Amino acid sequence: MQRTVFFISDSTGITAETIGNSILAQFEGLRFDKHRLPFIDDTHKAEAAALRIKTHYAKSGERPIVVNTMADRALCDIVAASGALMLDVFAPFIGPLETELGAKRSGAVNRSHGLVDFEKYEARINATNYALSHDDGIDVDYAQADLILVGVSRSGKTPTCLYMALHYGVSAANYPLTDEDLEKLELPARLRPYRDRLFGLTIEPERLAQIREQRRAGSRYATLKQCRWELEQADRLMRQAGIPSLNTTHVSIEEIASKIFASFGIERTMY
């Protein structure tokens, strides 16, 4: 069975989609046809969204589900007229907060992901630039790095660095362990002054071979034998150097970042 789900917001829709997907993931065996409708911030857009939802309802015969983070109650009512099941993400929290704070919600739109804190926003931009310029050993000036990820090629270092920079403003560099590094089995000289900032990423050899095959089909680089050798040597090197590490095979980028932050005692909020 497949159900249609709409993530609707007066802003980017990221909150609605993130929370909605977390909830839907609890229902195994069901398939969901998902649609994100961002910036529904006026009557015309709300009516268009309601019409789209009604159309899906008529075609499928199954009641659509709406995960909603719109702040304006009038816009919520317009969408609710579509007949969909409305799941208002804010509803359980607004009432208790109004009572506790002695204040009423403003109902202002486009607040969830606005540039509320320009200092944090600038930090995220600067950290992203840092991650890009210090990717795969392009620049090895690590003095400004909050942390440095090490590991063999294609073990997840680059996307993790960019995620931490984009969302949390963490300046993360990454260093790819080369065959020369792995043969010597010693920490590269350029990394030794920053030993306390190092964190290792590893991965199962079969998964690594699959990823590399997509990048360089038929190459020695992608063979299972080469992947196993590199990962075994990298594991020995990291254990010898006392570098904490994490196997990324079955772990999301979000979880990887959270575990790295916990290892370093880094406490950052997303906004």
Side-chain angles (χ1 to χ4, degrees), residues 1-117 120-121 124 159 162-164 166-168 250-258 268-271:
M1 182 174 66
Q2 178 172 283
R3 296 293 294 271
T4 303
V5 181
F6 290 90
F7 306 112
I8 297 185
S9 173
D10 53 32
S11 187
T12 62
I14 293 172
T15 300
E17 189 171 8
T18 300
I19 295 176
N21 277 314
S22 296
I23 296 170
L24 296 176
Q26 303 302 311
F27 297 89
E28 298 181 10
L30 295 178
R31 293 186 299 117
F32 299 99
D33 178 26
K34 302 172 185 177
H35 305 265
R36 178 157 62 99
L37 305 183
F39 304 110
I40 307 300
D41 52 11
D42 61 33
T43 299
H44 176 72
K45 293 176 183 177
E47 290 172 347
L51 178 60
R52 181 172 173 181
I53 295 167
K54 280 184 181 179
T55 301
H56 273 270
Y57 198 167
K59 286 182 178 179
S60 68
E62 295 284 352
R63 187 184 187 192
I65 299 165
V66 170
V67 180
N68 166 49
T69 56
M70 291 185 295
D72 189 324
R73 295 310 310 169
L75 300 183
C76 294
D77 292 341
I78 291 172
V79 174
S82 66
L85 171 66
M86 296 289 290
L87 302 178
D88 189 335
V89 173
F90 296 150
F93 308 102
I94 295 297
L97 273 173
E98 287 180 336
T99 300
E100 180 68 22
L101 300 174
K104 291 292 183 181
R105 65 186 290 183
S106 67
V109 302
N110 295 320
R111 290 293 181 88
S112 298
H113 298 277
L115 300 182
V116 178
D117 189 326
K120 282 189 177 182
Y121 182 76
R124 287 162 54 198
L162 287 173
Y163 175 82
M164 292 189 292
L166 281 165
H167 292 283
Y168 295 97
H250 303 293
V251 185
S252 69
I253 288 177
E254 294 86 349
E255 188 175 351
I256 294 170
S258 294
R268 297 282 177 90
T269 57
M270 194 172 288
Y271 303 105

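These figures come from a predicted structure and were not determined experimentally.
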What distance separates [X] [atom1] from [Y] [atom2], expressed to the nearest 0.5 Å?
{"X": "Tyr168", "Y": "Arg268", "atom1": "OH", "atom2": "CZ", "value": "11.0 Å"}
{"X": "Thr4", "Y": "Lys59", "atom1": "OG1", "atom2": "NZ", "value": "10.5 Å"}
{"X": "Phe27", "Y": "Phe32", "atom1": "CZ", "atom2": "CZ", "value": "7.0 Å"}
{"X": "Ile65", "Y": "Ile23", "atom1": "CD1", "atom2": "CD1", "value": "10.0 Å"}
{"X": "Leu162", "Y": "Ile253", "atom1": "CG", "atom2": "CD1", "value": "9.0 Å"}

Practice problem: Give a yes or no on this: more than 12 heavy atoms of other residues, nucleotides or ligands lie within 6.0 Å of atom CD of Gln2. | Solution: yes
Using the test side chain to side chain donor-acceptor pair (under 3.5 Å), find all partners of [X] that sit at least two apart in sequence or belong to another chain.
{"X": "Glu254", "answer": "Ser252"}
{"X": "Asn21", "answer": "Lys34"}
{"X": "Lys54", "answer": "none"}

Sequence neighbours excluded, which residues qualify as side-chain contact (heavy atoms from CB on, under 4.5 Å) partners of [X]?
{"X": "Ala46", "answer": "Ile40, Leu75, Ile78, Val79"}
{"X": "Ser60", "answer": "Glu62"}
{"X": "Leu166", "answer": "Thr128"}

Which side-chain N or O atoms in residues 84-98 pair as donor and acceptor under 3.5 Å with protein atoms at least two apart or in another chain?
from, atom 1, to, atom 2, distance (Å)
Asp88, OD1, Phe90, N, 3.0
Asp88, OD1, Ala91, N, 3.4
Asp88, OD2, Arg73, NH1, 2.5
Glu98, OE2, Arg105, N, 3.0

Exercise. Could you walk me through whether Leu51 and Glu47 pass the side-chain contact (heavy atoms from CB on, under 4.5 Å) test, one step at a time?
Key: CA-CA 6 Å; Leu51 178 60; Glu47 290 172 347; over 6 Å; no
Exercise. Please collect all salt bridge (charged side-chain N to carboxylate O under 4.0 Å, His left out) contacts where either partner lies in residues 24-33, sequence neighbours excluded, each pair once.
Key: none
Quiz item: Quick one: are Phe39 and Thr12 in side-chain contact, heavy atoms under 4.5 Å?
Solution: yes
Quiz prompt | Heavy-atom side-chain contact between Pro64 and Val5 under 4.5 Å | solution = no
Practice problem: Would you check, one step at a time, whether the test side-chain contact (heavy atoms from CB on, under 4.5 Å) holds for Leu37 with Ser9? | Solution: CA-CA 7 Å; Leu37 305 183; Ser9 173; over 6 Å; no
Quiz item: What residues form a ring pair (Phe, Tyr, Trp, His ring centres under 6.0 Å) with Phe6, not counting sequence neighbours?
Solution: His35, His56
Self-check item: Flag for Thr15-Thr69: side-chain donor and acceptor within less than 3.5 Å
Solution: no
Exercise. Write down the atom of Phe7, the atom of Ala16, and the distance for their closest heavy-atom approach.
Key: CD2-O, 3.5 Å
Practice problem: May I have all residue pairs that pass ring pair (Phe, Tyr, Trp, His ring centres under 6.0 Å) and include part of residues 62-84, sequence neighbours excluded? | Solution: none
Practice problem: Give a yes or no on whether the backbone of Met70 and the side-chain of Asp10 come within a donor-acceptor separation of less than 3.5 Å. | Solution: no
Exercise. May I ask you to decide if Gly13's main-chain N or O and Arg36's side chain share a donor-acceptor pair within less than 3.5 Å?
Key: no
Practice problem: Not counting sequence neighbours, which residues clear salt bridge (Lys or Arg N to Asp or Glu O under 4.0 Å) with Arg63? List them please. | Solution: none
